[in-house]
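Heads up: the structure comes next, in structure tokens.
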Number of protein chains: 2
Amino acid sequence: METTRGAERQRTAAERRRRELLEAADRVVLRDGPQASMNAIAAEAGITKPILYRHFGDKGGLYRALAKRHTDALLSALRAALDAPSERRERVEATLDTYLAAIEASPQVYRFLMHPSDDSAPSPEQGFDVGRHSAPLLRRLGEELGKVIAERVDLGPESEQMARIWGHGIVGMMHAAGDWWLGDRPCSREQLVRSLADLLWGRLAEAGDLPGGQGF
Amino acid sequence: METTRGAERQRTAAERRRRELLEAADRVVLRDGPQASMNAIAAEAGITKPILYRHFGDKGGLYRALAKRHTDALLSALRAALDAPSERRERVEATLDTYLAAIEASPQVYRFLMHPSDDSAPSPEQGFDVGRHSAPLLRRLGEELGKVIAERVDLGPESEQMARIWGHGIVGMMHAAGDWWLGDRPCSREQLVRSLADLLWGRLAEAGDLPGGQGF
DNA sequence: GACTGTTTGTTACCGCTAGTAACAGGTTTA
DNA sequence: TAAACCTGTTACTAGCGGTAACAAACAGTC
């Protein structure tokens, strides 16, 4: 019986095809932005729409598969920075810098991951599904960082909840500052990293009021 | 000559109409989410599409007008909290709480403002216009907060740039944490506010390492 | 070799969207 | 009365995501 070997070969062929399709989709998204159409992606891959739909279900499926690749790559880079053997402050700065370097290196990828023109779920239900349409990458980063903080930092009672809050907060800080910085590039990356680390290190609390007007 | 009085009357009539249309759009967006169609909005207002287009140009124009109303409202609430006469820490907590209370009170509005299903600018150009597709509300909040910090806090040399960075960073922190919190509501608002303020007050730097594994 | 099922691919369509052209009636100005 | 303008309509376009129906190539089975 040739069943198993034939099936095997077909499966690997399908996987290779899928990779090819994802690479074609990647090129189109990098060229046209997140609003790239399924037609354009199919054309780039040299095929027609229904095949794309057979492989990925719907547009959201394709975009999710596409996002997962980039997200995993960024996440492992961040994990490496987070695990470097050095002082806490240095590790924080290295992590911030890794993230900023990544979004600086390929802003199109970043834009796709963060603002995916979100129609991944047409969502007929209208409950309190707020954040679900937000970029899932941010959530994932926030959760990961929260876990790392909970594992390594002593925050007293209710440590775990505070660690999760901080994880999401710090990731949000990094993201918003990076997004703004990437737009009009008002300073060097080093300066941005240092300023954000200073913020996390409590310089806001320490700084004195400026003369004139009420203090902050 | 009746010219001026007639023109006046017509202008105010047009403005009233515009307000009515915006209110109808508001209802639909609150009901259907940010992907509400122009047809649905026109139907809610009791008219047909071309009138909508005559008033607002395109969908982006309508959404921008709609967003401005809510943004202005939120912004003035935040400014009030930021100007309250009390200690810096209290003011920071009040501001965080004001923001979180607002998004808690009407998550649909929040979702519209933050994830506007961004087609406000079809953007034929494909330069480094990254953040432009992000929610403009966050940028505006970040800039405002940066200004406030620069005015009131003494940060030494290069104070202004650091203040802007901090403004965007703090707003991003507030936003990401709020977005996550609104999703699965893992703790009370007070606790969230306190934890974020603690983060800004440098507790991350002060906290000790947890035993086992490398520190953070 | 003939038969059957699965995979890969196509064309041609559906319903929906944003946006527009062209035209009809009412009111103000001259 | 006639010109100008505003408000509103119907009917259309082009493009989108998504699908049904069908054609060919290939596997394994009798």
Side-chain angles (χ1 to χ4, degrees), chain A residues 1-22 24-25 28-29 32-66 116-124 133, chain B residues 1-21 24-25 28-29 32-66 116-124:
Chain A
M1 58 168 176
E2 285 281 61
T3 304
T4 61
R5 221 167 60 191
E8 179 91 4
R9 206 172 53 203
Q10 271 190 356
R11 212 193 58 215
T12 63
E15 281 172 9
R16 205 182 53 227
R17 197 80 177 105
R18 187 185 159 98
R19 262 200 307 277
E20 290 172 10
L21 297 185
L22 275 179
V28 177
V29 165
D32 297 352
Q35 73 276 17
S37 82
M38 294 298 267
N39 258 324
I41 294 173
E44 169 74 28
I47 50 149
T48 49
K49 261 195 306 181
I51 308 181
L52 233 47
Y53 281 93
R54 278 220 268 268
H55 273 270
F56 301 103
D58 62 350
K59 191 174 188 176
L62 198 168
Y63 275 39
R64 253 175 278 126
L66 209 51
S117 225
D118 225 290
D119 296 305
S120 53
S123 109
H133 277 262
Chain B
M1 62 170 177
E2 285 282 63
T3 304
T4 59
R5 223 168 59 194
E8 180 91 4
R9 205 173 56 205
Q10 273 190 358
R11 212 193 57 215
T12 62
E15 282 171 8
R16 206 182 52 227
R17 198 80 176 101
R18 186 186 161 98
R19 264 200 307 276
E20 290 172 12
L21 297 184
V28 176
V29 166
D32 297 352
Q35 74 276 14
S37 83
M38 295 296 267
N39 257 325
I41 293 173
E44 169 74 27
I47 50 148
T48 50
K49 261 194 304 178
I51 307 180
L52 233 47
Y53 281 93
R54 276 221 268 269
H55 273 270
F56 301 103
D58 62 349
K59 190 174 189 176
L62 198 168
Y63 276 39
R64 254 175 278 126
L66 209 50
S117 223
D118 226 293
D119 297 304
S120 52
S123 110

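On a predicted model such as this, the values are computed, not experimentally measured, just so you know. In the text below, chain A, chain B and the rest are named by the order of the sequence lines, each starting its count at 1.
- For A:Arg17, taking side-chain heavy atoms from C-beta onward, the closest of the listed nucleotides D:dG18, D:dG8, C:dG9 is C:dG9.
- Checked against side chain to side chain donor-acceptor pair (under 3.5 Å), A:Arg17 has the following partners two or more places apart in sequence or in another chain: A:Glu20.
- In this structure, B:Arg18 CZ and B:Ile51 CD1 are separated by 14.5 Å, a value rounded to the nearest 0.5 Å.
- The distance between atom CD1 of A:Ile51 and atom P of C:dT7, rounded to the nearest whole Å, is 14 Å.
- Residue-level contact check: A:Arg54 touches the bases, meaning some heavy atom is under 4.0 Å from a base atom.
- For the pair B:Phe56 and B:Arg64, the minimum side-chain heavy-atom distance is 4.5 Å or more.
- The distance between atom CD of A:Gln35 and atom C1' of C:dT17, rounded to the nearest whole Å, is 16 Å.
- One atom, CD1 of B:Ile47, and another, P of D:dT10, lie 12 Å apart when rounded to the nearest Å.
- Atom NE2 in B:His55 sits 11.0 Å away from atom CD in B:Glu15 (nearest 0.5 Å).
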Scan nucleotides 12-15 of chain C against the protein and return all N/O pairs shorter than 3.5 Å with their distances rounded to 0.1 Å.
none

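- With C:dA18, D:dC16, D:dT7 as the candidates, the nucleotide lying closest to the side chain of A:Ser37 is D:dC16.
- Going from atom CG of B:Asp58 over to atom C1' of D:dG15 covers 16 Å, rounded to whole Å.
- Scanning all heavy atoms of the two residues, the minimum distance from A:Ala42 to A:Thr48 falls at CB-C, 3.7 Å.
- With sequence neighbours excluded, the residues that form a side-chain contact (heavy atoms from CB on, under 4.5 Å) with B:Tyr53 are B:Met38, B:Lys49.
- Using a 4.5 Å heavy-atom threshold, the side chains of A:Ile47 and A:Leu21 count as touching.
- Atom CG in A:Leu62 sits about 15 Å away from atom C1' in D:dC16, given to the nearest Å.
- Among the heavy atoms of the strands lying under 4.0 Å from B:Thr48 is at least one base atom, whether or not backbone atoms are also near.
- Across the protein-nucleic acid pair, A:Asp32 atom CG and D:dG15 atom P stand 15 Å apart, rounded to whole Å.
- In this structure, OH of B:Tyr53 is placed 15 Å from P of D:dT9, rounded to the nearest angstrom.
- Between the C1' atom of D:dC6 and the CD atom of B:Glu15 lies a distance of 15 Å, rounded to the nearest Å.
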